[in-house]
Amino acid sequence: MELTDSFIERLAFIEVFLEEADAAFAYDNLLAGLRGTVIPNLARFPLIGKRYLDQPPQSAEALTHLAQLPQGAADALRVYLHSDYLILYAVDAVKLTVYLLSIRHHRQLSFDFARLWPGA
């Protein structure tokens, strides 16, 4: 199991997000869930998550990013849902390694209209 730099960066964003929402305790719960549930589950059952491409992205940006991946890499992408979090990971079947790529709290996926249109 390997945590990528992007996964660690996303954890830091989640920590700030939860602190701003007066829910800092939830970050400790997330870390406990990662250690106690997610990582053991993925280590034992690496294909437990849904294939990312089962519902291909529709945005031009996401499609562009997928096209830039090495041949066959997108097929290794999987999504794991844990509590309020969506985790993107990849499985390297040759190395028998799971790479945690990204994580988001489901509420981070919404738009911040106040920031986008100040004074509206």
Side-chain angles (χ1 to χ4, degrees):
M1 183 78 50
E2 291 195 28
L3 280 66
T4 62
D5 290 342
S6 61
F7 186 85
I8 294 168
E9 181 180 299
R10 292 298 322 152
L11 280 176
F13 285 125
I14 289 171
E15 182 177 25
V16 170
F17 171 76
L18 292 171
E19 286 174 356
E20 289 175 353
D22 292 327
F25 65 91
Y27 185 72
D28 292 333
N29 293 343
L30 168 60
L31 294 180
L34 288 171
R35 282 191 294 268
T37 303
V38 175
I39 290 173
N41 282 350
L42 291 176
R44 189 164 178 203
F45 307 106
L47 301 179
I48 195 171
K50 184 177 179 179
R51 276 181 22 99
Y52 179 75
L53 292 179
D54 283 352
Q55 288 188 288
Q58 302 296 313
S59 73
E61 294 86 359
L63 292 171
T64 299
H65 287 299
L66 282 175
Q68 293 172 351
L69 293 174
Q71 184 73 22
D75 292 327
L77 295 174
R78 303 189 80 79
V79 177
Y80 183 96
L81 298 175
H82 173 71
S83 182
D84 291 332
Y85 303 92
L86 178 75
I87 300 168
L88 180 67
Y89 72 99
V91 178
D92 184 331
V94 175
K95 294 181 182 178
L96 301 175
T97 303
V98 172
Y99 297 93
L100 297 180
L101 303 172
S102 187
I103 182 171
R104 288 198 185 249
H105 187 280
H106 74 91
R107 290 191 180 172
Q108 286 181 289
L109 301 177
S110 64
F111 294 105
D112 182 357
F113 290 112
R115 186 180 59 78
L116 292 173
W117 288 288

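Bear in mind that the values here come from a model prediction, so they are computed numbers and not experimental data. All values below come from the heavy atoms of this structure, side chains included, with hydrogens, waters and symmetry mates left out.
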Exercise. Heavy-atom distance under 4.5 Å between the side chains of Leu86 and His106, does that happen here?
Worked result: no
Exercise. Should Tyr99 and Leu81 be regarded as members of a common hydrophobic cluster, given that ILVMFWY residues are connected when their side-chain heavy atoms come within less than 4.5 Å of each other, either directly or indirectly?
Worked result: yes
Problem set entry | Atom pair CG/CZ of Leu88 and Arg78 - distance to nearest 0.5 Å | 11.0 Å
Exercise. Just by modelled atom types, is the Met1 backbone N or O under 3.5 Å from a matching donor or acceptor in the Thr97 side chain?
Worked result: no
Problem set entry | Tyr85 and Ile14, any side-chain heavy atoms less than 4.5 Å apart | yes
Seminar exercise, completed: side chain to side chain contact (heavy atoms under 4.5 Å, CB included) with Ile103: of Ile87, Leu3, Ile8, only one passes, and it is Ile87
For this session: Please examine the side chains of Leu11 and Glu15, heavy atoms only from C-beta on, and report whether any two atoms are closer than 4.5 Å.
Result: no
Only pairs under 3.5 Å count here: list side-chain donor-acceptor contacts from residues 36-54, not counting sequence neighbours, and write none if there are none.
residue, atom, partner, partner atom, Å
Asn41, ND2, Thr37, O, 3.4
Asn41, ND2, Tyr80, OH, 2.9
Lys50, NZ, Gln55, OE1, 3.3
Arg51, NE, Asp54, OD1, 3.1

Exercise. Can you tell me how far the CG atom of Leu30 sits from the CZ atom of Arg35, to the nearest 0.5 Å?
Worked result: 9.5 Å
Problem set entry | For Glu61, all residues meeting side chain to side chain donor-acceptor pair (under 3.5 Å), sequence neighbours excluded | none
Exercise. Any donor and acceptor pair, going by atom type alone, linking the side chain of Ser6 with main-chain N or O of Leu101 inside 3.5 Å?
Worked result: yes
